[in-house]
Amino acid sequence: MATPHWLFGDQLGPHFLTPGDGGPGRGAPVVMIEARSVFRRRRFHRAKAHLVLSAMRHRAAELGDRVRYVRAETYREGLQKAVGEGPLTVHHPTSRTALRLVSSIPGLTVLPARGFLVPHEDFRAWADGHGGQRLRQEDFYRWVRRGHGLLMDGGEPAGGRWNHDHDNREPPPKRARTLGAPGPYRPREDDVDEEVRHDLDRWERDEGIRFVGRDGPRLFPATRREALAALSRFVEHRLAGFGAHEDAMLAADPVMSHSLLSSSLNLGLLDPLECAERAEDAWRAGSAPVNSVEGFVRQIAGWREYVWQLYWYFGEDYRHRNVLRHHAPLPDWFLELDAEAVTANCLATVLAQVRDTGWTHHIPRLMLLGSHALQRGWDPAAVTDWFHRCFVDGYDWVMLPNVVGMSQYADGGRMTTKPYTSGGAYVHRMSDLCGPCAYRPTDRVGDRACPFTAGYWSFLHRHRARLEGNPRMSRAVHGLDRLTDLDELLREEKERRDGAP
């Protein structure tokens, strides 16, 4: 009989059981372990816990008699129940903690990672060839496109340009409450979801396991069939309108034309190559413009793959990078997703979206939630943990580079060339969130001072010595010299630092 194979809860697609090429043996028995200790260690979003458990239990039901599904306190306890001291295989897990665990278990063979486009050793060779320091995402993205023949016409990029970002940064249409895009795929709950919700209620009631946020109804796919339906819905009905407004925000339309496929990709229900190829097929069939398709392919073959590779390449010490020396704790209103405690309309709106769904798209994450944390000097490790816990698509490999490197600039520029933060003018230009707000994006001081505008200038002042030599930041930093109200701004910022904006 083939050696049993262990499936983690983010390795749920069929490609994780395909034999050959570093896969498990043909017809190998499958082990799945639901470890409650995972939920004791961190206070996850309730909708995320629901999604992961629902996906695992649905996969176990699909595998039928082939799977041994064990519910235990810890992974080690579950393995003992499932296979004892017998041999076992597992695909390379997605976190360093999990890799340490599997590497410590006698008789367990770690197979190559699946669910990504580039093997670790190929990326390491590419990165080492670039000096290992400033590894530009754009260079990596083009390398992946060439290597996989994605959106290529021979040796040239399809549509004549590698990068269509210039066409994909449009503000929302004026006076529009929504983009008017067809709605995304939404699954229907079933008996498995009912069982999961019952168990989560019991864990909270009887076992002291605590969650944050709201749960239900389930909004994201938990099975391969649902994930494929979500992919088809996006490609056929939403992809064409995705590109131009992918960086815009609308209060009444949080999903806009975004794919909502990140949780399915990160659970392993979809493979990144099939998603990128489906989008390319739509462009070649004339049903989606190249800027929309390139923007989507960039998210998958560029950014998602880049973040995954940097998580492993940078090493464990990257987790503790904090060059800006930000150590402020996260306030309770943020930890509890208490949107009602927040006056700033943009932040309250997005925090409510996270509370209610466990999801927002990339711009609210970076330019509202992350930017506010950066301006307030919150500890980047705590911010990383918050994003990991509170988003349905959040995993250690996803959030560590995204937060430490991109959002909080805690690595000092190893991953990005500048801090990603802005004043209220950017939020006003790219959203409809400022109109009903009690604050004004142009006001730096006074009762109506926008917390992002004041926070931006305070951040630049605090880190002037570091940032004024950065070619992408020097002009903004020298703008401090033109502020006649800087002293008043800094005093007001100090007074409001610990309170909800």
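Along the sequence shown, residues are numbered consecutively beginning with 1.
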A.B. asks: Could you go step by step and tell me if R145 and E280 meet the salt bridge (charged side-chain N to carboxylate O under 4.0 Å, His left out) rule?
C.D. replies: CA-CA 12 Å; R145 289 255 307 263; E280 179 175 352; over 6 Å; no

A.B. asks: Quick one: is the NZ or CZ of K48 closer than 6.0 Å to the six-membered ring centre of F39, and within 45° of its axis?
C.D. replies: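 No, a cation-pi geometry is absent between K48 and F39.
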
A.B. asks: Is the shortest side-chain N to carboxylate O distance from D193 to R197 below 4.0 Å?
C.D. replies: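 R197 and D193: not salt-bridged.
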
A.B. asks: Do NZ/NE/NH1/NH2 and the carboxylate oxygens of D385 and R42 come within less than 4.0 Å?
C.D. replies: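 Answer for the salt bridge query: yes.
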
A.B. asks: Any side chain to side chain donor-acceptor pair (under 3.5 Å) involving residues 172-183? Give me the pairs, sequence neighbours left out, ordered by first then second residue.
C.D. replies: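 Applying side chain to side chain donor-acceptor pair (under 3.5 Å) to every pair that reaches into residues 172-183, excluding sequence neighbours, yields nothing.
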
A.B. asks: Can you see whether F220 has R186 sitting over its ring - NZ or CZ less than 6.0 Å from the centre and within 45° of the normal?
C.D. replies: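 Cation-pi check for R186 and F220: passes.
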
A.B. asks: Which distance, rounded to the nearest 0.5 Å, do you find between the CG of L269 and the CZ of F16?
C.D. replies: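 Output value for this atom pair is 9.0 Å.
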
A.B. asks: I'd like to know if the side chain of R238 reaches the main chain of P182, judged simply by a donor and an acceptor atom lying under 3.5 Å from each other, with no hydrogens or angles considered.
C.D. replies: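 Indeed, once roles are kept as given, a pair shorter than 3.5 Å links the two residues.
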
A.B. asks: Looking at H388 versus W397, is the centre-to-centre ring distance below 6.0 Å?
C.D. replies: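 No, they do not, as the ring centres are separated by 6.0 Å or more.
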
A.B. asks: Below 4.0 angstrom, N of the basic side chain to O of the carboxylate: do D199 and R57 qualify?
C.D. replies: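 R57 and D199: salt-bridged.
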
A.B. asks: For residues F459 and F452, establish whether the separation of their ring centroids is below 6.0 Å.
C.D. replies: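 Here the rings of F452 and F459 have centres that are no less than 6.0 Å from each other.
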
A.B. asks: Between atom CG of D432 and atom NE2 of H428, what is the distance when rounded to the nearest 0.5 Å?
C.D. replies: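 Reported value, rounded in 0.5 Å steps: 10.5 Å.
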
A.B. asks: Return yes if some donor-acceptor pair links the side-chain N/O of Q11 with the main-chain N/O of F8 below 3.5 Å, else return no.
C.D. replies: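 Here the side-chain-to-backbone pair exists.
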
A.B. asks: Per the salt bridge (charged side-chain N to carboxylate O under 4.0 Å, His left out) rule, what does the pair list look like for residues 355-371, sequence neighbours excluded?
C.D. replies: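 Of all non-adjacent pairs touching residues 355-371, those that pass salt bridge (charged side-chain N to carboxylate O under 4.0 Å, His left out) are R214-D356, E340-R355, R365-D393.
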
A.B. asks: Does this structure show an ion pair linking R202 with E207, if we count only N-O contacts that are shorter than 4.0 Å?
C.D. replies: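 Yes.
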
A.B. asks: Apply side-chain contact (heavy atoms from CB on, under 4.5 Å) to the pair L433 and L347, showing each step before the final yes or no.
C.D. replies: CA-CA 9 Å; L433 296 166; L347 202 54; over 6 Å; no

A.B. asks: Could you measure the distance from the OG atom of S37 to the CD atom of E34? Nearest 0.5 Å is fine.
C.D. replies: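 If we round to the nearest 0.5 Å, S37:OG and E34:CD are 11.0 Å apart.
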
A.B. asks: Would you say the side-chain atoms of Y311 pair up with the backbone N or O of M399, donor to acceptor, closer than 3.5 Å?
C.D. replies: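 Between the backbone of M399 and the side chain of Y311 there is no qualifying donor-acceptor contact (under 3.5 Å).
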
A.B. asks: Could you walk me through whether T360 and F391 pass side-chain contact (heavy atoms from CB on, under 4.5 Å), step by step?
C.D. replies: CA-CA 8 Å; T360 63; F391 281 82; 3.6 Å; yes

A.B. asks: Take M473 and E468 through the side-chain contact (heavy atoms from CB on, under 4.5 Å) test and state the conclusion after the steps.
C.D. replies: CA-CA 6 Å; M473 294 298 297; E468 62 185 351; over 6 Å; no

A.B. asks: Should the pair E274-R278 be classified as a salt bridge under the 4.0 Å nitrogen-to-oxygen rule?
C.D. replies: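 A salt bridge is absent here (no side-chain N lies under 4.0 Å from a carboxylate O).
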
A.B. asks: Verify the neighbour count for atom NE2 of H361: are there more than 12 heavy atoms of other residues, nucleotides or ligands below 6.0 Å?
C.D. replies: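 It does: H361 NE2 has more than 12 such atoms within range.
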
A.B. asks: Are there more than 12 heavy atoms of other residues, nucleotides or ligands under 6.0 Å from atom NE2 of H166?
C.D. replies: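 Not buried by this count: 12 neighbours or fewer within 6.0 Å.
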
A.B. asks: Report the residue from F123, F140, W308 that forms a ring-ring contact (aromatic ring centres under 6.0 Å, His included) with Y313.
C.D. replies: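 Result: among F123, F140, W308, F123 is the only option passing the ring-ring contact (aromatic ring centres under 6.0 Å, His included) with Y313.
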
A.B. asks: The test is salt bridge (charged side-chain N to carboxylate O under 4.0 Å, His left out); show your working for R205 and D201 and say whether it passes.
C.D. replies: CA-CA 6 Å; R205 182 180 65 248; D201 287 342; over 6 Å; no

A.B. asks: Do R319 and F314 meet the cation-pi criteria used here (NZ or CZ under 6.0 Å from the six-membered ring centre, within 45° of the axis)?
C.D. replies: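 No - R319 does not lie over the ring of F314 by the 6.0 Å and 45° rule.
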
A.B. asks: First locate atom NE2 of H463, then atom NE2 of H461, and finally report the distance between them rounded to the nearest 0.5 Å.
C.D. replies: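 Taking NE2 in H463 and NE2 in H461, the distance rounds to 11.5 Å.
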
A.B. asks: According to the side chain to side chain donor-acceptor pair (under 3.5 Å) rule, which pairs have a member within residues 440-455, sequence neighbours left out?
C.D. replies: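 Passing the test, one end in residues 440-455: R444-D485.
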
A.B. asks: Count the heavy atoms belonging to other residues, nucleotides or ligands that lie under 6.0 Å from CZ of R464, then report whether that count exceeds 12.
C.D. replies: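 Yes - once you tally the heavy atoms of other residues, nucleotides and ligands closer than 6.0 Å, there are more than 12.
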
A.B. asks: Under the side-chain contact (heavy atoms from CB on, under 4.5 Å) criterion, do V38 and R41 qualify, and how do the steps go?
C.D. replies: CA-CA 6 Å; V38 172; R41 285 196 299 268; 3.7 Å; yes

A.B. asks: Measure from the side-chain N and O atoms of W457 to the backbone N and O of L490, and report whether any donor-acceptor pair falls under 3.5 Å.
C.D. replies: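 Flag not set: sc W457 to bb L490 has no pair under 3.5 Å.
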
A.B. asks: Taking NZ, NE, NH1 and NH2 as the nitrogens, is one of them in D317 or R321 under 4.0 Å from a carboxylate oxygen of the other?
C.D. replies: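 Judged by the 4.0 Å cut-off on N to carboxylate O distance, D317 and R321 do not form a salt bridge.
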
A.B. asks: Rounded at 0.5 Å granularity, tell me how far CG in L261 sits from SG in C275.
C.D. replies: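 With rounding to 0.5 Å, CG (L261) is 5.5 Å from SG (C275).
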
A.B. asks: Do the side-chain N and O atoms of N163 and E138 include a donor-acceptor pair separated by under 3.5 angstrom?
C.D. replies: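 There is such a pair (donor and acceptor under 3.5 Å, judged by atom type) between the side chains of N163 and E138.
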
A.B. asks: Between D139 and R136, does at least one N-O distance fall below 4.0 Å, as a salt bridge requires?
C.D. replies: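 Yes.
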
A.B. asks: Please tell me whether H327 and W378 form a close aromatic pair, meaning their ring centres lie under 6.0 Å apart.
C.D. replies: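 Here the rings of W378 and H327 have centres that are no less than 6.0 Å from each other.
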
A.B. asks: Could you tell me whether E170 and R429 make a salt bridge, using a distance below 4.0 angstrom between a side-chain N and a carboxylate O?
C.D. replies: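 No.
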
A.B. asks: Start with the C-alpha distance between E189 and R218, add both sets of side-chain angles, then the distance that settles salt bridge (charged side-chain N to carboxylate O under 4.0 Å, His left out), and finish with yes or no.
C.D. replies: CA-CA 7 Å; E189 290 195 359; R218 176 167 61 84; 5.3 Å; no

A.B. asks: I want to check something: taking the side chain as every heavy atom from C-beta on, are D167 and H164 in contact at a cut-off of under 4.5 Å?
C.D. replies: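 In contact.
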
